Visitor: 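Below is a structure I'd like to ask you about.
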There are 2 protein chains.
Amino acid sequence: MLLDDSSRITIVEVAQYAGVSTATVSRVINKTGPVLPETAAKVYAAIEALNYKPNAAARGLASRRTNTIGLLVDEISGEFFQPMLRGIEVTARASGMDLLISSTGGMSQSSPPYPLGENNTDGLIVFADSLPQEELVRLHKIGFPLVLLHRSSPSGLNIPCVTVENKEGARRMVDYLVEERGYRKIAFLEGPDSHEDAYWRKLGYEESLAVHDIPFNPKLVSLGEFDETQARVSVSQWIKNGLNAEAIFAADDDSAIGAMAALKESGLRIPEDIAVVGFDDIRLAAYLDPPLTTVRAPIEQAARIAVEQLVKVIRGEEVEAMTLLPTELVIRRSCGCC
Amino acid sequence: MLLDDSSRITIVEVAQYAGVSTATVSRVINKTGPVLPETAAKVYAAIEALNYKPNAAARGLASRRTNTIGLLVDEISGEFFQPMLRGIEVTARASGMDLLISSTGGMSQSSPPYPLGENNTDGLIVFADSLPQEELVRLHKIGFPLVLLHRSSPSGLNIPCVTVENKEGARRMVDYLVEERGYRKIAFLEGPDSHEDAYWRKLGYEESLAVHDIPFNPKLVSLGEFDETQARVSVSQWIKNGLNAEAIFAADDDSAIGAMAALKESGLRIPEDIAVVGFDDIRLAAYLDPPLTTVRAPIEQAARIAVEQLVKVIRGEEVEAMTLLPTELVIRRSCGCC
DNA sequence: ATATGCTATGTAAGCGCTTACATCAGATAA
DNA sequence: TTATCTGATGTAAGCGCTTACATAGCATAT
C-alpha cells in the first residue's frame, strides 16, 4: 500500500494513548483474559479516538487464524450461482468471517498452486468438482477444515458435505411423468460427467424407469452439459435422427431451455407434441413459454448450511458427515399437466 | 488453524533444503533482485520437493501488500450481480489478485468498522452506494486505492469511476418511444433514491420529454425501486387510480417484470393496450411474454474495466477519472414494435 | 597494482499482532 | 502472621515473511 506512514496507527499507539500495554489492548479487543471494566473502557476510548483498526495480516500471522473462509467454485455463472453465493455471503458475515472467493475456471484438473488454502483461509467450501481430488486429499490429511457443497466426500476421507436430494428429485420427476402423465418414452439430457449433481440425477432417472419396467434406452440419452447451447445442439440432432419420445427430462433448467428452443425451431409444440421438464427451478423457469415443470433445489439453504458446518469444523466442533436437503416437484405447463 | 505443526513448512525450510538464505528464496519467489539461474533452480526444486506455499499473512505483514482487492456491494442479488461478479472475478484472477467480497447488506448507512479496508486489501471496488460517503472520504484521504463502479465520485474528491451511459440510454429509449412508436404519455417507474443509476435514468427520461415538448407529469412517475414486487404494487395502484398512459418505462428490467405482471393481472394487453420497456437487458428479458424491449448495459465489461483501473491505481499508474460505457437499445415486442 | 563498479548472496531488523510467562497486588486460607 | 492463590497487567518472544544494508567475488577502468 502506498499509504502515508504517519497515518498508520497500530496497537502500540492505542496502548500508549490508553496508558496500558499492548497485551491488554489485545485482550480487550479479543475478549481474552481478564481485564478491569475501567481499563477496558479506556482502551475502547483510545480505539475510538484514534480510529484504530487491527491489521488482519499481523493478526493472522500471530494467531495462525485468518478469520476468513474460502469459497471455491468452478465458474461463476448460471442462475445457479446467485442464490448460492448469497447464502454463503450472508452466513459468513453473520458468523463474523470474511469471504474469499476463487473460481478455478471450470478446470478441475487445474494445477497447483491453488489460490485458496491453508495459509490464507481458516477453512474452505468446495463446490462440486472445483478442486482436484488430490488437493482435497492433501488438505484433509493435514486436518484443514473443509466442507463440500453439491458433492460428496471421496471415499475413505470423511469430509462433511451438504447437497440436495438429486436422485430423489429426479426419480420423483420421472415417477410423475410416468404415473400422472402416462409417458413411457422419456428422453434424458444428462449433465457434465464430472459433476456429481449430474450423476445422481441420471441415476434417479434410471431408477424410476426400472421401477416402472421401462427398459433403459441409450438412444434416449444425450449430453445437455448443464448448458443451453449444448442441449440445443443435442436435441436438434435427436430430431434430425427421428427422436421418438413423449417427453424430455433435462438434467437442469438451462439445458431445458436449450431443448425447448430446439423443439420450437423444428415446429414441435410443447407440451402437445413433446413435454419438457428440467431441474433446479431457476427464476427463468416460471417465465418460459410454456412455464417449465422442474424440480426445485434449495440452493441458498444448502449454501447457508455449508457455511455453518464449516464454522463448526473450524471451531473443532462435530458436524454430521452428510446433509441432504429435500427437493420439490414444481409442476407447470411444460409437462402437459393442464 | 488446527494444523499439525510439523507439517508447516516455511521459507526457512526451503532455504535450508536449497542451501541458500531466506532472502534468496524470497528473491526467487518474487523475482526481485538478481539470482543466478542455477541458484534459482535449486530453490525451485526445494519448493517443489517440500510443497512449499508462502504464507499470505506474513507476506502481507512484511511487504505491506495484501495482493487482494476488495469488492463492496450493497446486496448480492438481482440478475445484475452475476455478470458483474464474473467480470470482477476473472479480471482479478488474471491480474494475479485475490478477491475479497463483502456485501454491506443494502444499508449504505451501516456503521463502522467496515469489513474491507486499508488493512486487508490493497484497494477497493465500491459498487453504487455500498459505502457511506464519510468512509469513502476517509479512505480517499489516506490515499487508499479506490475505484467506483456504477456511481460517480463525490465532488471534490477525484476517485476514478466506471459506469454506463444511463442517461443516454434512457434518453434514447424515450426518444424511440416518442419518435418511432408515437407515444406521448409515457409513465416512469423510478429506481431507488440512493442509487446513481436510478438518478441518471430518470434524468434521461425527463430530458427526452423536454426535447419532445412533452410536459413532465408527476402523476406518471412512481416508485419501482429496481424491485419486481414494488413495481407491481405501484402499477396496480396506478391502474386503480385510472392510469392514462401509452407506455411504461421501468428503470430496470426487474421492475418491468413487476409492471407486466400487474398489467396482465388487470387484463391489459402488452403492448396493444400499453407498452412496457425496461433497462439492463437481464437474461430473463428475452424470455418474457412479450419479450421485453430494454436498454442493454455492459455490466461485465464495466466490472472488468473497474478491476483493471484499480490494479493500475494500486501500482501507482494514472487512470482516467471517469469511464462511461455505451448502452444499447434492444428492441423486442413489448414496446409494440411489431 | 589499486580503485571502482557490478553481480550474487547473506544478515538481520522489522511488519503489527498474540500469547506464554513473569510480576505484583490484594484476598483467602492456614 | 505467613503461605497460597487469584485476578489484573506487563514483558518479550515469536509468527513467516520482505528488504535495507553489508559483504564478497570478480571484471573493468586507472
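Quantities reported herein were computed from a predicted structural model and do not represent experimental measurements. All values below were derived from every heavy atom in this structure, side-chain atoms included, with hydrogens, water molecules and symmetry-related copies excluded. Residue numbers start from 1 in every chain, and the chains themselves are labelled A, B, ... in the order their sequence lines are given, proteins ahead of strands.
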Visitor: Considering all heavy atoms of both residues, which atom of Val43(A) and which atom of Val14(A) are nearest to each other, and what is their separation?
Guide: O-CG1, 4.4 Å
Visitor: Examine the side chains of Asp129(B) and Ser194(B) and answer whether a donor and an acceptor come within less than 3.5 Å of each other.
Guide: yes
Visitor: Residues of residues 27-39 of chain A with any non-hydrogen atom less than 4.0 angstrom from an atom of DNA chain C: list those, numerically ordered, please.
Guide: Arg27(A), Asn30(A)
Visitor: Indicate every side-chain donor-acceptor pair of residues 317-325 of chain A with a distance under 3.5 Å to a residue at least two apart or in another chain.
Guide:
from	atom 1	to	atom 2	distance (Å)
Thr323(A)	OG1	Gln309(A)	NE2	2.8

Visitor: Enter the inter-axis angle for the ends of the helix from dA1(C)-dT30(D) to dA30(C)-dT1(D) (five pairs per end, rounded to 10°).
Guide: 50°
Visitor: Closest approach of Glu89(A) and Ser102(B), non-hydrogen atoms and distance?
Guide: OE2-CA, 3.4 Å
Visitor: Restricting to nitrogen or oxygen on both sides, can you table the protein-nucleotides 23-25 of chain D pairs closer than 3.5 Å?
Guide:
none

Visitor: Give the nucleotide from the list dG16(C), dA12(C), dG10(C) with an atom nearest to the side chain of Ala62(A).
Guide: dG16(C)
Visitor: Which part of the nucleic acid does Thr24(B) contact within heavy-atom distance under 4.0 Å: base, sugar-phosphate only, or nothing?
Guide: sugar-phosphate
Visitor: What are the two closest non-hydrogen atoms of Ala46(B) and Ala18(B), and how far apart are they?
Guide: CB-CB, 3.9 Å
Visitor: When the ring planes of Phe127(B) and Phe80(B) are compared, do they come out parallel, tilted or perpendicular, using 30° and 60° as the limits?
Guide: tilted
Visitor: Need one value for Val12(A): base, sugar-phosphate or nothing, where a base atom within 4.0 Å counts as base even if backbone is also close, heavy atoms only.
Guide: nothing
Visitor: Enumerate the protein-to-nucleotides 26-28 of chain C contacts in which both atoms are nitrogen or oxygen and the separation is below 3.5 Å.
Guide:
none

Visitor: Roughly, in whole Å, what's the span from CZ in Arg59(B) to P in dC15(D)?
Guide: 19 Å
Visitor: Going by atom type alone, with no hydrogens or angles, which donor-acceptor pairs under 3.5 Å involve a side-chain atom of residues 20-34 of chain B and a protein atom two or more places apart or on another chain?
Guide:
from	atom 1	to	atom 2	distance (Å)
Ser21(B)	OG	Ala23(B)	N	3.4
Ser21(B)	OG	Thr24(B)	N	3.3
Ser21(B)	OG	Thr24(B)	OG1	3.3
Ser26(B)	OG	Asn30(B)	ND2	3.2
Asn30(B)	ND2	Ser26(B)	O	2.9
Lys31(B)	NZ	Tyr44(B)	OH	3.2

